[in-house]
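Data first, discussion second: the structure below is written as structure tokens.
First the proteins, then the strands, lettered A, B, ... as listed; each starts at 1. All heavy atoms count here, side chains included; hydrogens, waters and symmetry mates do not.
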Amino acid sequence: MSIKVKLENGREAEYPQGTTCMDLYRNKVTENKNLLAVLVDGKECDLNRPLTDHSEVTFVDFDSPKGADIYRHSASHVMAHAVKRLYPTAKLGIGPAIENGFYYDIDFEEPISADDLPAIEKEMKKIIKERKPIQRREMSREEAEKLFKEKNETYKLELLADLPEDAVISCYEQDDFIDLCAGPHLSHTGLIKAFKLTGLAGAYWRGSEKNPMLQRIYGTAFPSKERLQEHLLMIEEAKKRDHRKLGRELDLFSLHEEGPGFPFLHNNGMIVWQELTDFWRVEHRRAGYEEIKTPLILNRTLWEQSGHWDHYQDNMYFTEIDELDYAVKPMNCPGAMLVYKSKMHSYRDLPRRIAEMGIVHRHELSGTLHGLMRVRSFTQDDAHIFMLPDQIEDEVAGIIELMDLFYSVFGFDYRIELSTRPEKAMGAVELWDQAERLLEKVLVDRGIEYKINEGDGAFYGPKIDFHLEDCLGRNWQCGTIQLDFQMPEKFDLTYIGEDGAKHRPVVIHRVVYGSMERLMALLIEHYSGAFPAWLAPVQVAVLPVTDRSHEYAVKISEELKNEGFRVEADLRSEKVGYKIREAQVKKVPYMLVVGDREVENNQVAVRHRHEGDLGAETLTDFIVKLKKEIAEKII
RNA sequence: GCCGACGUAGCUCAAUGGAAGAGCAGCUGAUUUGUAAUCAGCAGGUUGCGGGUUCGAGUCCCACCGUCGGCUCCA
């Protein structure tokens, strides 16, 4: 019997049933010489899997979306294989491909150390050199259970038990190594051309801290040594952009043992901060927000009322005043609720958008602290929007628009996630479902791409999160829009409706920057410390060539200061080259070199930190251009 | 919090269990310099903190603190 196969280029041909994709390849149906696997009707498959029915076949190489994953997944099997050869009693957890690499979680009888990784790499090289065929074996559940019981792979047995009733149970086998795995995989181990084990870390089995901790070995693999080198070099380069390193070098902030997780901002950091908040205030007033400020410390009864006492206590700091319990605020919402309640509201007053640059304190686990990205005290650019139920959609849409405005100015790419009901949620399931559907509708209606983050919502409501990447590609949540039907109940918030009766408003909690500290960290990494002129702590460095031009240098510095620019004149008796180097290292956007020629012509020689020498012009011309650059927030 | 690594001058890093060093930054002086580092000199430390082993500890052991990489958690 023959089957019809449709290929990626649209061609269709008939082949005998049982033909493998490898056969098609040998038949030269594709030009691609670096095949790893295929998609059969959109589903990933091994090259040597026989085709049983009419199918549509797409060939996959390393550079296709799924290709790198398949390649690295096979690399993780080779690593597990090597580990089992060296440590026969080690038990395997899971070993998937991840962005830019792979890992395998392994339970070693005696923990290994990073020093043991080279030996594992060496064994992997052997396995690769042996070009062991990788074979798929489908088997019954009983057969698989027997197999992994014999091998004492208890974690695999646990995975097996959790597979659905009707699941096809497959294993992949290379030499004497066999692993429970859905596949697909490369056809033999020799196809892995370049790899490196990059790290060793602890990881809870199945991600739960109640489970034992396994050792996770991270690695990466590429189809050539050059590409691997390139990747490793890129990571080295990215580390130079680390905000913790730049923060010190540019004198933006510091961290001290005396206050773990409580960052100290220096003058340079404060300038960036102020510019960010100034910009924020302008845009928020324009968008119809009011601004308030609420206390850092509030009475226990308030936190009991808000639900934080029950749901958030582990993260809170406490104190006592006049023998009464108080808590340092971990969130701004209860304060905002009290402000709303301080007067009566008519439906005509809503929506009321109440913003607050609020400092919150949260006790985060010590192991999670990370520069300015993850701290124990931070400033949220918070706002609470009190509205009628039928205003929700417009308000959410308005916030998304505002969010995009800010992120575009910074030049950030962002990713949106919809987070749904968590386990320790407050309130009725129906309300949650309703709120989740509403948020989803806003995203869908606007054609916005998003990912669902199951169970990751706040305890009082679902949320839309905006995620940004740091220099190493790690994701950080910044903006968030959280719908809340709970807080209005807890605080008995009301407004008088058209009908003269009291009604319950809906509340949205939202932040755009997220936390000022995290935003600063992301901006530092995003710009590699070279802030655009509007944010730069020093915008212009005036560099006299000799002492003869000091007077002129001081004069133009004063003029620039009077125009509102942030200026520094370097009057040391050093050569210009030295002064330029220092200004470059400090990433000052503009350097004005002034020597005898400029004094004589009443000009300044402009040098841009990236574009170099731009030639001489009058100070007035320079001022006009820089003012425009700053006003338009040009990146 | 958990697993692992690390902690020496402001920064980057040296120092077989046997005299704590270098470069940069800083300070002083000389130099008057034209688009990424002028020269010379000076100063800078209870080696994270506390115990222990040893004739002797930056180095070995224990506990704590902090940082880094992950896990968990999260803005």
* Ring centroid separation for Phe406(A) and Tyr513(A), is it under 6.0 angstrom? -> yes
Contacts of Arg609(A) and Glu249(A) projected onto RNA chain B by closest heavy atom; the upstream (5') one is Glu249(A)
For the pair His308(A) and Tyr312(A), name the ring-plane relationship: parallel under 30°, tilted 30 to 60°, perpendicular over 60°. perpendicular
How is Val375(A) classified with respect to the nucleic acid when contacts are heavy atoms under 4.0 Å: base, sugar-phosphate, or nothing?
base
Listed range with range, the stems formed with RNA chain B by at least 3 consecutive Watson-Crick or G-U pairs (under 3.5 Å) are B:1-7 with B:65-71, B:10-13 with B:21-24, B:26-30 with B:38-42, B:50-52 with B:60-62
Taken to the nearest whole Å, CG/Asp115(A) to C1'/A5(B) is 10 Å
- [ ] Just call it for Arg362(A): base, sugar-phosphate, or nothing, with non-hydrogen atoms closer than 4.0 Å on any strand.
- [x] base
Partner of Arg510(A) under side chain to side chain contact (heavy atoms under 4.5 Å, CB included), picked from Ile464(A), Ile399(A), Leu483(A), is Ile399(A)
Stacking of Phe378(A) on A75(B) base (centres under 5.5 Å, planes under 30°) | yes
Using a 4.0 Å heavy-atom cut-off across all strands, classify Gly371(A) as base, sugar-phosphate, or nothing. sugar-phosphate
- Query: Is the shortest heavy-atom distance from the side chain of Leu197(A) to the side chain of Phe102(A) under 4.5 Å?
  - Reply: yes
Residue pairs meeting salt bridge (charged side-chain N to carboxylate O under 4.0 Å, His left out), one or both in residues 398-407 of chain A, sequence neighbours left out, come to none
TODO: With C1' as the reference atom in both, quote the distance from G7(B) to G45(B) in angstrom, rounded to an integer.
DONE: 15 Å
